[in-house]
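Since the structure comes first, as structure tokens, the remarks are kept for the end.
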Amino acid sequence: NASRVRALASRGTPITMTINGEISFEDSRLRMRMNLGQIKGVPASEMDAARREAQMPIDFVQTPDEIFLSTEKLREKGKKDGIEWIRLDLEELDEETGLDLQRANQFNEINPEAMLRFLRTMGDARKTGSATIRGARTDRYEGTIDLRRYPEMVPEKDRESAQRTADFMVKAWGGPTMKLTVFIDEKGLIVREQMPMTWTEAGEKVKANMVLDMVDLGSPQEIDLPGKDETVDITEQAAEDSRFTNP
């Protein structure tokens with residue numbers, strides 16, 4: 001239940017959601033924490049209440065085969081017995097439901113090199129200025145990503161995987177194209193992306209602007225998985241839930 005968050009949004013003041021984390025491309029692991037930022041003019045006590053209702057901060061750890069999730073409510077309830085995470089086995093879930101969540105969870109395409117390939121699908125890309133980001137000069141480019149062209153940008157041996165990535169993102173976006181602004185540093189790496197996003201929440205259209213900063217590109221990341229003694233597996237329950245079954 002996120003009624004307090006929706007109430008804050010109804011005031012017309014932008015809501016800031018922060019997601020911080022790391023990706024290890026060496027072993028295909030991801031760790032991130034999502035939280036609700038402070039909103040200008042809203043008392044801290046009201047923001048804290050909204051975070052509690054939304055069970056934030058929310059922690060995720062992902063591998064190609066598993067997803068671990070921890071919410072503020074789960075951590076509070078688990079203090080007694082040490083259970084702080086729930087776990088989903090994607091291979092088992094796919095077998096039970098006929099879905100393809102394991103493939104959808106792959107993020108080996110989400111790396112700086114792949115992001116530049118996405119940029120090359122922008123037939124209308126143009127340089128629109130420059131900006132200093134974390135003390136470094138960058139060039140700003142704007143254009144429209146066309147996911148239908150993405151598989152053409154990868155080596156032939158990788159096109160099947162790239163096509164799956166493109167198909168999944170088309171479903172997530174609700175279409176094959178999206179406006180994108182990128183900032184590229186002097187090494188030719190994308191250090192920031194900005195894109196508008198629209199989705200429906202509780203019957204209302206929600207508009208957002210996503211800003212993604214990439215920091216310490218190329219540095220090794222060690223991402224540990226939650227231990228079995230602090231994890232409860234809910235794969236079976238999730239498979240039985242109607243939200244995970246095909247109509």
Side-chain angles (χ1 to χ4, degrees), residues 1-23 29-62 67-88 105 107 110 131-135 140 169 171-174 178-183 191-216 221 223-226 230-232 234 237-238 241-244:
N1 184 355
S3 60
R4 288 181 184 269
V5 176
R6 288 196 294 271
L8 291 172
S10 69
R11 300 179 183 180
T13 302
I15 291 179
T16 300
M17 299 291 294
T18 61
I19 302 177
N20 297 304
E22 302 83 31
I23 297 178
R29 292 184 178 184
L30 175 150
R31 175 177 57 218
M32 62 183 181
R33 167 167 281 203
M34 180 170 66
N35 206 351
L36 182 64
Q38 186 65 38
I39 301 175
K40 185 177 180 180
V42 177
S45 58
E46 189 173 348
M47 292 301 309
D48 288 341
R51 292 186 188 98
R52 286 194 298 271
E53 184 180 71
Q55 299 189 41
M56 292 187 180
I58 300 174
D59 291 325
F60 299 87
V61 175
Q62 295 178 221
I67 293 179
F68 299 88
L69 172 68
S70 179
T71 68
E72 185 65 24
K73 183 177 180 179
L74 182 60
R75 289 188 289 272
E76 185 66 29
K77 291 178 65 177
K79 283 183 178 179
K80 182 178 179 180
D81 53 14
I83 300 295
E84 297 187 6
W85 298 83
I86 58 175
R87 173 184 179 271
L88 286 170
N105 191 48
F107 46 85
I110 309 174
T132 300
I133 298 177
R134 295 186 297 278
R140 181 178 68 232
M169 293 182 71
K171 292 180 180 179
W173 288 1
M178 178 174 285
K179 296 290 185 182
L180 178 69
T181 301
V182 296
F183 298 81
V191 296
R192 175 174 291 172
E193 290 186 4
Q194 292 181 194
M195 65 178 67
M197 303 183 72
T198 304
W199 69 92
T200 300
E201 176 69 27
E204 297 182 7
K205 182 174 288 188
V206 179
K207 293 184 178 181
N209 182 45
M210 184 183 78
V211 179
L212 174 64
D213 277 4
M214 282 143 279
V215 183
D216 293 333
Q221 302 292 333
I223 298 176
D224 296 326
L225 303 182
E230 56 181 353
T231 305
V232 58
I234 66 164
Q237 298 96 302
D241 194 310
S242 61
R243 291 173 297 175
F244 290 87

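Quick note: numbers below take in every heavy atom, side chains included, and nothing from hydrogens, waters or symmetry partners.
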If you compare all heavy atoms of Leu225 against all heavy atoms of Val61, which two are closest, and at what distance to 0.1 Å?
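Looking at all heavy atoms of both residues, the shortest contact is CD2-CG1, 3.6 Å.
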
My understanding is that only one of Thr71, Thr231, Ile234 makes a side chain to side chain contact (heavy atoms under 4.5 Å, CB included) with Ile86; could you say which?
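Between Ile86 and the candidates, side chain to side chain contact (heavy atoms under 4.5 Å, CB included) is satisfied uniquely by Ile234.
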
Passes side-chain contact (heavy atoms from CB on, under 4.5 Å), Ile23 versus Gln221? Steps please.
CA-CA 7 Å; Ile23 297 178; Gln221 302 292 333; over 6 Å; no

Roughly how far apart are [X] [atom1] and [Y] [atom2], rounded to 0.5 Å?
X: Arg31; Y: Phe60; atom1: CZ; atom2: CZ; value: 14.5 Å
X: Arg87; Y: Glu230; atom1: CZ; atom2: CD; value: 13.5 Å
X: Gln55; Y: Glu76; atom1: CD; atom2: CD; value: 11.5 Å
X: Phe183; Y: Met214; atom1: CZ; atom2: CE; value: 10.5 Å

Can you check whether [X] reaches [Y] side chain to side chain, under 4.5 Å on heavy atoms?
X: Arg33; Y: Asn20; result: no
X: Arg140; Y: Arg192; result: no
X: Glu193; Y: Met195; result: yes

Main chain of [Y], side chain of [X]: is a donor-acceptor contact present, judged purely on distance under 3.5 Å?
X: Thr18; Y: Gly37; result: no
X: Arg51; Y: Leu36; result: yes
X: Arg29; Y: Ile223; result: yes

Salt bridge (Lys or Arg N to Asp or Glu O under 4.0 Å) against Arg75, all qualifying residues, sequence neighbours excluded
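Expected list: Asp59, Glu72.
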
